[in-house]
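Remarks on the structure that follows.
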Protein chains: 2
Amino acid sequence: MNPTYESLKQELLNQDIKLSHQRLKILEFMASNVIHPTVDQVYQALHHEIPTLSKTTVYNTLNLFVEVGLCITLATEENEIRYDIHTFPHGHFKCKKCNQVYNVDIDSHAFTSKDLAHFEIHHQEVFYKGICEKCLLIQKL
Amino acid sequence: MNPTYESLKQELLNQDIKLSHQRLKILEFMASNVIHPTVDQVYQALHHEIPTLSKTTVYNTLNLFVEVGLCITLATEENEIRYDIHTFPHGHFKCKKCNQVYNVDIDSHAFTSKDLAHFEIHHQEVFYKGICEKCLLIQKL
DNA sequence: TTTCTTGTTTGTAATCATTACAGTCAATAT
DNA sequence: ATATTGACTGTAATGATTACAAACAAGAAA
Ligand SMILES: [Mn+2]
Ligand SMILES: [Mn+2]
Ligand SMILES: [Zn+2]
Ligand SMILES: [Zn+2]
């Protein structure tokens, strides 16, 4: 279900994008940490390993990934952009306690509204907020 | 269906919030312009009429409205916050051509995902992007 | 009426995420 | 070796939002 690092790398090659060290490290991070990170989270995670890494490079790279369809962006209400390596249609749930963003399987056909009958729909986003199961259990202790 | 200016004003009174000139003007704008405006749009629309109006006041007032449940916020992907006077559950569609944000009736029961069976859901947001009917017609000319 | 109190509004400065830009660097081709 | 191209970096600029303190307005108390 999760896209593999190897298949994503191949996709970059297919699109004639050079496999630079920084790009591969960022791609690897996105593929193995499915946490919908912000640019800063990616930067913080990698700049120990790549001390010369610039935050601008993280911006450039993630926005490049979005352009070529390897990532999508997620707008949370906190006025910050998060990046998601999963590009197939799915929804999200953000926990108000632990701030974790979960993936949610949704039936995309349940969402056709007759208000949009003559509209051209390119993209849909379903976003839930509330308290996750883990945090609910902690609350009850 | 749309909340009236009078009922919203009454709600402020019920919550012991003073009906200052600025608050009433901003409330009136929100009630009669259902365009999901940004803070700047509200400010631009009103500062001719109220030359002393400060953008800080628009921020303070709209955030106050959100706190007391008169407005909700909308996160579009452009990293800007929009304010909505409609607080009942509904979805949105943003046109990529004209940037207009439409309200969309949705069946909120279509949204139960079994992934969230043991989660506590406080809020849900459904957001579409694409091209609206008007812009599609223009395109065909 | 004057003074006091409380909450509102204002303007400026600070913050934070993001983007623009220009110089540097690295890989490859000639 | 030199030239070309694109990637990376650091710094500066931008734009939205928030913090904060002074000014203001309205009503209550004296
Ligand atoms: Mn996701
Ligand atoms: Mn709406
Ligand atoms: Zn949680
Ligand atoms: Zn349109």
Side-chain angles (χ1 to χ4, degrees), chain A residues 9 12-29 35-68 70-84 94 99 101, chain B residues 9 12-29 36-68 70-84 99 101:
Chain A
K9 210 164 84 175
L12 287 180
L13 278 175
N14 292 346
Q15 304 223 18
D16 278 321
I17 293 163
K18 304 250 168 66
L19 304 183
S20 73
H21 183 229
Q22 286 85 343
R23 283 173 180 166
L24 288 180
K25 280 296 178 184
I26 293 171
L27 188 66
E28 188 191 27
F29 180 84
I35 59 172
H36 312 88
T38 62
V39 162
D40 195 61
Q41 282 179 294
V42 176
Y43 175 75
Q44 293 304 331
L46 293 179
H47 86 287
H48 297 106
E49 197 179 347
I50 314 169
T52 62
L53 181 65
S54 161
K55 205 179 267 192
T56 302
T57 298
V58 182
Y59 275 104
N60 289 342
T61 303
L62 289 175
N63 288 337
L64 172 73
F65 289 172
V66 170
E67 268 173 49
V68 302
L70 250 62
C71 285
I72 56 172
T73 57
L74 220 66
T76 68
E77 79 285 8
E78 282 85 10
N79 226 31
E80 66 179 6
I81 296 173
R82 289 170 173 274
Y83 293 82
D84 193 344
K94 181 168 183 180
N99 282 321
V101 176
Chain B
K9 210 163 84 173
L12 286 181
L13 278 175
N14 293 347
Q15 303 223 21
D16 278 321
I17 292 162
K18 302 250 166 71
L19 304 183
S20 73
H21 183 229
Q22 285 86 342
R23 282 173 183 166
L24 288 179
K25 281 293 179 188
I26 293 171
L27 189 65
E28 188 191 25
F29 179 86
H36 312 88
T38 62
V39 161
D40 195 61
Q41 282 179 295
V42 176
Y43 175 75
Q44 294 303 333
L46 294 179
H47 86 289
H48 298 107
E49 196 179 346
I50 315 169
T52 62
L53 181 66
S54 162
K55 203 178 269 191
T56 303
T57 299
V58 182
Y59 274 105
N60 289 341
T61 303
L62 288 175
N63 288 337
L64 173 71
F65 289 172
V66 170
E67 268 173 50
V68 303
L70 250 63
C71 285
I72 56 172
T73 57
L74 219 66
T76 69
E77 79 284 9
E78 280 85 11
N79 227 30
E80 67 182 3
I81 295 173
R82 290 171 172 273
Y83 292 82
D84 192 345
N99 281 323
V101 176

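Below, all heavy atoms of this structure are taken into account, side chains as well, without hydrogens, waters or symmetry copies. Residue numbers begin at 1 in each chain, while the letters A, B, ... track the order of the sequences. These figures come from a predicted structure and were not determined experimentally.
Partners of B/Ile81 by side chain to side chain contact (heavy atoms under 4.5 Å, CB included), not counting sequence neighbours, listed by chain and number: A/Asn79, B/Thr73, B/Tyr83. Residues that satisfy the side-chain hydrogen bond (donor to acceptor under 3.5 Å, both in side chains) test with A/Gln15, not counting sequence neighbours, are A/Glu11. Residues satisfying the side-chain hydrogen bond (donor to acceptor under 3.5 Å, both in side chains) criterion with A/Asn99, sequence neighbours excluded, are absent altogether. Judged as a side chain to side chain contact (heavy atoms under 4.5 Å, CB included), and not counting sequence neighbours, the contacts of B/Leu19 are B/Lys9, B/Leu12, B/Leu13, B/Leu24. Applying the side-chain hydrogen bond (donor to acceptor under 3.5 Å, both in side chains) rule to A/Gln41 yields no partners; only residues at least two apart in sequence or on another chain are considered. Under the side-chain hydrogen bond (donor to acceptor under 3.5 Å, both in side chains) criterion, B/Glu28 pairs with no residue at all, not counting sequence neighbours. Scanning for side chain to side chain contact (heavy atoms under 4.5 Å, CB included) contacts around A/Thr56 gives A/Ser54, A/Asn60, with sequence neighbours left out.
Protein atom NE2 of A/His47 is 11 Å distant from nucleotide atom P of D/dG10, rounded to whole Å. Atom CD1 in B/Ile50 sits roughly 16 Å away from atom P in C/dT8 (whole-Å rounding). At whole-Å resolution of the value, CD1 in A/Ile26 and P in D/dA7 are 13 Å apart. Rounded to whole Å, atom P of C/dC16 lies 16 Å from atom CD of A/Gln41. Following rounding to the nearest Å, B/Ile81 (CD1) and C/dC16 (P) show an atom-to-atom distance of 16 Å. Nucleotide C/dT10 holds its P atom 9 Å from the OH atom of B/Tyr43, rounded to whole Å. Rounded to a whole Å, the CD1 atom of A/Ile17 is 13 Å from the C1' atom of D/dA7. Distance B/Leu19 CG to D/dA26 P: 13 Å, rounded to the nearest Å.
Within the structure, no pair that satisfies the salt bridge (charged side-chain N to carboxylate O under 4.0 Å, His left out) test touches residues 12-24 of chain B, not counting sequence neighbours. Within the structure, the salt bridge (charged side-chain N to carboxylate O under 4.0 Å, His left out) test picks out the following pairs touching residues 42-57 of chain B (sequence neighbours left out): B/Lys25-B/Glu49, B/Asp40-B/Lys55.
Annotation: proximity of residues 51-64 of chain B to DNA chain D (heavy atom, distance under 4.0 Å) is found for B/Thr56, B/Tyr59, B/Asn63, numbered in ascending order.
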Can you give one letter per nucleotide of nucleotides 22-30 of chain C, 5' to 3': B if a protein heavy atom sits under 4.0 Å from the base, S if only from the sugar-phosphate, - if neither?
---------
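Panel note: side chain B/Arg82, backbone B/His36; a donor-acceptor pair is recorded below 3.5 Å.
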With side-chain contact (heavy atoms from CB on, under 4.5 Å) as the criterion, how do B/Leu70 and B/Leu27 come out once you've worked through the C-alpha distance, each side chain's angles and the decisive distance to 0.1 Å?
CA-CA 9 Å; B/Leu70 250 63; B/Leu27 189 65; 3.8 Å; yes
For nucleotides 4-6 of chain C, give me every protein contact, N/O to N/O, under 3.5 Å, one pair per line with atom names.
none

